[in-house]
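Owing to the predicted nature of the structure, the values given are computational and were not obtained by experimental measurement.
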Number of protein chains: 2
Amino acid sequence: MDSSSKRSSPVRQRLIEAAIAVLEQNGPEGLQARKLAAEIGASTMAVYTHFGGMPALLEEVAREGFRRFGRCLAGAARSEDPVADLLAMGLAYREFARGNSQLYRLMFGLTTPGTRVGGHRDVTAEGEPTSHAEGIDAFNHLVDVIERVRDAGRIGQADAVVVAGQVWSTIHGFVLLEIAGFFGDDGEGLAQVLGPLIVNVLVGLGDSRDAVERSTRAAAARTQLDASARRLPGQHLLDR
Amino acid sequence: MDSSSKRSSPVRQRLIEAAIAVLEQNGPEGLQARKLAAEIGASTMAVYTHFGGMPALLEEVAREGFRRFGRCLAGAARSEDPVADLLAMGLAYREFARGNSQLYRLMFGLTTPGTRVGGHRDVTAEGEPTSHAEGIDAFNHLVDVIERVRDAGRIGQADAVVVAGQVWSTIHGFVLLEIAGFFGDDGEGLAQVLGPLIVNVLVGLGDSRDAVERSTRAAAARTQLDASARRLPGQHLLDR
DNA sequence: TGAGTGTACATAACAACGTTATGCAGCGGA
DNA sequence: TCCGCTGCATAACGTTGTTATGTACACTCA
């Protein structure tokens, strides 16, 4: 068998895309074998001939999500100011997570929706992210930028991987709390929390505050950033 | 009806506790009406007379989780060095999340396991954290410490709520990535990522690096911190 | 060219899940 | 004593993931 007949069969790909679409529209509850199959005009058997079961399909959805995520991060512009590039990548990161919040959560193994037992006893051992490889690929885009930041002499001689882990923790935590609604629905969280926070981290890493804020303006100018979103009252942490 | 007969009925409480125990042992998949009822020696009807359905029970589990989480944070020692107290609270935070990882994820609406449809059409609208109130209570412990840090003149005149949001993002993100296995299973992530990261944030907030590191040692001395855990090879970000 | 082989898929059935309907035992107040 | 209510067991229903079975089509080889 050649690689195109089985590996990239149209129904297989359409199932994954239908799953992503349904996931974002109806939430994880919508990820049902019958529903997805009907969505592409097939029977539930399509899920089993192409994936072997719902868990494997969801695994593939997460993998595809990480690929798109990686492309999103890679698409962040690359200039002569690596700190501005890092900040732009952070904005792209948040934009992806906000625009694909359900997918983002699924990617990090947080959703675990469809792993219902049904007829058989087997269940994916919960939370083991087999899509680690794709996740690390995406993570490496962060490492690359940080290596450039370091090589530009902005943060001393730190280990880029370790620093990337710190930056990733920062953005990941903010994004999840923002998605969960803890920072309100407008851009308040970005302006008041994530923005200052990433600046603080970079200053803590050794860059000068002036330089970081210059880079911030450069990144904001590149991304048509509506950071000063209209503020509406809401029930969240920053509101009191 | 008096408050003890309905509000804190033994079976109601035992169902919640059974759910927490099963959740941590078997993962979200184990949170089934039949299983939980059998666990306390009752029929599935107990779930419906006391909660009205699985979603409400899970909501109550999350609420109880936030209460325990709040008590855990409140239990962090209180000394004359507020930065050391903040760091100790961060350690307690991570300890709770690691020791109750499934519960922690459920608390933040990330798990969404039992919201299967079954007979009726209704489904909790996915991800809306009705247990916000308890979550904010826990969050306020963080705000309190940071107010003391600010009043001690260590971080300028920042808004304590905003700063708390930054610190929370930081720890939340790290803890979730660590739970997901991205930082290895030993304490490497703590020593290489979270520790330096929180120091960087505090330095970025205005404290001096020397003062933060003194506070770090103080906090580590209080908590019998085995930060230098034995390093085993593993497949994760920091390993290459 | 025709029989054999295998894959992709539809149909139908099964076990397990959440939920609801029904019924019964026990209680308290009139 | 009788009524009504509450707490719960039993049994049934609809929906889920999954599996079994059968079939149509494509491809291979003689």
Using heavy-atom distances to pick each residue's nearest nucleotide on DNA chain D, tell me which of A:Val47 and B:Ala42 is more 5'. B:Ala42

A:Leu15 CG - D:dG17 P separation (whole Å): 13 Å

Taking everything shown except B:Arg98 itself, do over 12 heavy atoms lie less than 6.0 Å from its CZ? yes

Can you identify which nucleotide, out of D:dC8, C:dC9, D:dT18, has its nearest atom closest to the B:Ser43 side chain? D:dC8

Once you measure the plane-to-plane angle for A:Phe139 and A:Trp168, does it fall in the parallel (<30°), tilted (30-60°) or perpendicular (>60°) bin? tilted

Length of the CG-P vector between B:Leu31 and C:dA16, whole Å: 19 Å

Look at the side-chain N and O atoms of B:His50 and state whether any lies under 4.0 Å from the OP1 or OP2 oxygen of D:dC8. yes

Could you say whether B:Met45 or B:Tyr48 is positioned toward the 5' end of DNA chain C, judged by the nucleotide with the nearest heavy atom to each? B:Tyr48

Evaluate the ring planes of B:Phe69 and B:Phe96, with Trp represented by its six-membered ring, and classify them as parallel (under 30°), tilted (30 to 60°) or perpendicular (over 60°). tilted

Using the salt bridge (charged side-chain N to carboxylate O under 4.0 Å, His left out) rule, collect all pairs that involve residues 32-58 of chain A, keeping only residues at least two apart or in two chains. none

Check: B:His172/B:Tyr104 side-chain N/O donor and acceptor closer than 3.5 Å: yes

Calculate the interatomic distance between B:Gln32 atom CD and C:dA15 atom P; express it in whole Å. 17 Å

Close residues, residues 33-40 of chain A, relative to DNA chain D [heavy-atom separation under 4.0 Å]: A:Ala33, A:Arg34

From the set C:dT19, D:dT19, C:dA21, return the single nucleotide nearest to any side-chain atom of B:Met54. C:dT19

Taken to the nearest whole Å, CZ/B:Phe51 to C1'/D:dC8 is 15 Å

Could you check if a side-chain atom of B:Gln166 sits within less than 4.5 angstrom of a side-chain atom of B:Val162, using non-hydrogen atoms only? yes

